[in-house]
Asker: 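Handing you this structure, nothing more for now.
Below, each value reflects all heavy atoms present in this structure, side chains not excepted, and no hydrogens, waters or symmetry copies. Quick note on labels: first sequence line is chain A, next is B, and so on, each numbered from 1. From a predicted model like this one, the values you see are computed outputs, not experimental measurements.
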Amino acid sequence: MPYVNAKPHIGHALECVQTDAIARFRKISGDDVYLTTGADENSLKNVQAAEKLGISTEELCKKNAGLFRELDDRIGLSYDIFVRSSVDAGHLKTTNALWDMCNKKGDIYKKEYSGLYCVGCEVFYTETELEGGMCPEHRTRPEVVHEENYFFRLSKYQDVIEKLVESNAVEIMPDAKKHEVLGFVRSGLEDFSISRSIKRSHGWGIPVPGDDSQIIYVWFDALGMYLTGAGFQSDNAKFEKLWPADMHVIGKGVIRFHAVYWLAMLLSAGLELPKSLLVHGYVTSNGQKMSKSIGNIVDPFEVIGKYGEDATRYYLLKEVSTFQDGDFSEKIMKELINNELVGNIGNFVNRTLSFIYSKFGGSIKLDEISEDGKDILNKVHMLASESEECMKQSQMNLALLRVLEISNLGNQYFQAREPWNLIKKDEESAEGVLLVCANISRELGILIYPHMPEASEKLLGYLNEKPQAFKNAEKIIKEFNIGEPKILFKKIDDA
RNA sequence: AGCGAGGUAGGGUAGCAUGGAGUGCCCGCCGGGCUCAUAACCCGGAGAUCGGUGGUUCAAAUCCACCUCUCGCUACCA
């Protein structure tokens with residue numbers, strides 16, 4: 001769930017695509033999947049961004065939330081609900097309820113907070129963040145500000161959280177991030193402020209229940225969006241069924257809030273904890289960090305518009321490994337499309353289907369698969385089950401490597417058996433070769449569904465099938481009737 | 001500084017837990033083949049002291065120690 005002070009960049013698309021691939025994989029594997037997303041709008045950053053643009057905060061949020069939702073749609077995110085934290089009535093109920101539950105537990109108390117506050121940035125700085133005692137942005141000396149805030153007793157939950165994370169009761173993937181969290185927790189947890197004065201927050205956000213002078217800290221409210229999406233306080237039957245969440249997919253910059261604050265808040269409120277957190281990396285642009293000043297922010301809409309949904313998804317899933325940072329460049333995008341999607345996967349499928357269509361009138365049928373055909377199919381099945389294993393571990397990049405190996409095997413087989421020569425003297429042998437290739441194509445169609453749903457549906461459609469569980473890929477089909485095939489992926493011509 | 005993660009051919013990446021010829025994949029480069037296919041595809045080749053040093057072992061990219069370089073995290077900032 002992104003916060004929406006600016007329009008989406010390619011990194012947001014990464015999160016969408018990773019989440020969606022996992023969701024789709026689980027769905028076809030038979031799981032009942034419910035995917036929530038939305039827009040985190042109650043942040044002071046949004047107020048500041050709106051001021052800069054000279055529009056109201058409401059307007060900014062509406063506009064940007066709309067863009068994020070549009071991105072979700074255009075990248076093919078199969079979400080079930082989109083929550084907007086500043087307008088959805090259900091979310092207000094969630095936040096108030098969550099506050100009350102923590103308060104009843106005695107975990108919320110009032111305390112004076114004093115810190116070094118930069119008026120320009122409107123944020124508090126720690127001494128380590130300052131450069132020579134000055135604000136790094138404005139080069140001014142921050143003033144010492146005292147303010148009464150509500151605090152949350154995070155310290156109380158240090159031991160519990162350490163045990164939960166260590167034992168994988170809440171699994172944090174990858175391990176490196178889990179270690180980071182454990183290191184942080186073990187260094188000692190301090191209570192943190194969960195409210196801001198109404199002045200400092202410009203009145204934007206959700207008021208503290210029973211105290212209009214304070215606004216709830218944005219994270220306390222934003223994390224609750226997971227509950228809102230699951231029907232908390234608004235649809236008990238739904239919430240019973242959906243909560244706890246199986247997984248939160250988050251960027252590496254917000255681990256602490258999810259792996260520490262969020263767990264503590266849920267523990268305090270007496271709610272169940274999410275089962276896992278998947279932490280992804282960031283996307284760089286031509287090797288550099290994306291930033292406004294460099295002007296190298298990659299617009300996902302442009303990318304999708306130019307290369308299409310599937311190719312964009314493929315890039316983000318294959319080239320960016322799930323748990324690490326990755327780079328985006330158009331040069332690599334073109335290489336991936338032309339060499340892997342077009343040259344490898346697309347070409348194999350196309351040469352298979354068009355051969356069947358033009359030489360066999362679209363229909364092939366045999367009772368037996370040849371021995372060498374069985375060999376190749378066995379290898380393909382092996383790779384397919386490896387691919388499934390990778391998907392179970394959310395390693396989409398590795399799953400796709402197996403897919404490429406499969407179509408590569410297919411191309412080799414096609415080449416070695418030369419059905420275009422074979423058909424001249426022994427039509428049945430040629431038919432046998434194509435039967436094997438058609439089976440491989442079908443298997444490919446099933447395996448690429450989580451990554452490239454459009455191409456998958458198209459390919460399987462030619463074979464009169466639909467996306468389905470990976471385990472069905474092993475079934476060997478002895479008869480195919482196909483219509484006229486069209487190209488799956490379009491080659492990029494460099495003009 | 002402390003804690004954590006990593007350094008594998010020109011670029012990327014897998015392998016490391018359960019040591020066994022540098023093994024694989026994607027691209028780039030060089031040479032050949034083929035024509036069913038989107039001038040696609042297939043085969044062959046060059047290219048690596050697997051960050052460095054030392055150790056354990058019959059055997060180390062893989063285990064251990066030290067060194068070096070890179071990158072994260074060290075809170076009320078999303």
Asker: Name the nucleic acid region contacted by D40(A), choosing base, sugar-phosphate or nothing; use a 4.0 angstrom heavy-atom cut-off, strictly under.
Answerer: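 Sugar-phosphate contact only - D40(A) comes under 4.0 Å of backbone atoms but never of a base.
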
Asker: Contact class for G281(A) vs. all strands (heavy atom < 4.0 Å): base, sugar-phosphate, or nothing?
Answerer: nothing

Asker: Within the structure shown, what part of the strands sits under 4.0 Å from F184(A) by heavy-atom distance: base, sugar-phosphate, or nothing?
Answerer: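 Since a base atom lies under 4.0 Å of F184(A), the category is base.
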
Asker: So what does N397(A) touch, heavy atoms closer than 4.0 Å: a base, only the sugar-phosphate, or nothing?
Answerer: nothing

Asker: If we take the P atom in both rA40(B) and rC29(B), what is their distance in whole Å?
Answerer: 12 Å

Asker: Is W420(A) stacked on the base of rC36(B), with ring centres under 5.5 Å apart and planes under 30° apart?
Answerer: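 Yes, the aromatic ring of W420(A) stacks with the base.
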
Asker: Rounded at 0.5 Å granularity, tell me how far OH in Y282(A) sits from NE2 in H9(A).
Answerer: 8.5 Å

Asker: What does G343(A) touch in the nucleic acid at a heavy-atom separation under 4.0 angstrom: a base, only the sugar-phosphate, or nothing?
Answerer: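 G343(A): backbone/sugar contact only, no base atoms under 4.0 Å.
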
Asker: Kindly determine whether R186(A) and E166(A) satisfy salt bridge (Lys or Arg N to Asp or Glu O under 4.0 Å), including the steps that lead there.
Answerer: CA-CA 11 Å; R186(A) 285 172 184 149; E166(A) 194 172 28; 2.9 Å; yes

Asker: Categorize S193(A) for me: base, sugar-phosphate, or nothing, with a 4.0 angstrom heavy-atom threshold over every strand shown.
Answerer: base

Asker: Consider the side chain of R196(A), meaning its heavy atoms from C-beta on, and name the nucleotide among rC77(B), rC36(B), rU35(B) that approaches it most closely.
Answerer: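 For R196(A), the side-chain atoms sit closest to rC77(B).
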
Asker: Taking atom C1' in both rG7(B) and rG44(B), compute the distance separating them and give it to the nearest angstrom.
Answerer: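 rG7(B) and rG44(B) have their C1' atoms separated by 32 Å.
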
Asker: Classify the nucleic acid contact of N347(A) as base, sugar-phosphate or nothing, counting any heavy atom under 4.0 Å across all strands shown.
Answerer: base

Asker: Taking rA17(B) as the reference, what is the distance to rU62(B) when you measure between their C1' atoms (whole Å, please)?
Answerer: 10 Å

Asker: Using the six-membered ring wherever Trp is involved, compare the ring planes of W262(A) and Y226(A) and label them parallel, tilted or perpendicular (cut-offs 30° and 60°).
Answerer: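 It falls in the tilted class, 30° to 60°.
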
Asker: Determine the contact category for L401(A): base if any of its heavy atoms lies under 4.0 Å from a base atom, sugar-phosphate if only primed atoms, P, OP1 or OP2 are that close, otherwise nothing.
Answerer: sugar-phosphate

Asker: Below 4.0 angstrom from OP1 or OP2 of rC43(B), is there any side-chain N or O of Q412(A)?
Answerer: yes

Asker: Between F328(A) and Y315(A), is the ring centre distance below 6.0 Å?
Answerer: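 Yes, the ring centres sit under 6.0 Å apart.
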
Asker: Heavy atoms only, 4.0 Å cut-off, all strands: where does F348(A) land among base, sugar-phosphate and nothing?
Answerer: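 No contact at all - F348(A) keeps every heavy atom at 4.0 Å or more from the nucleic acid.
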
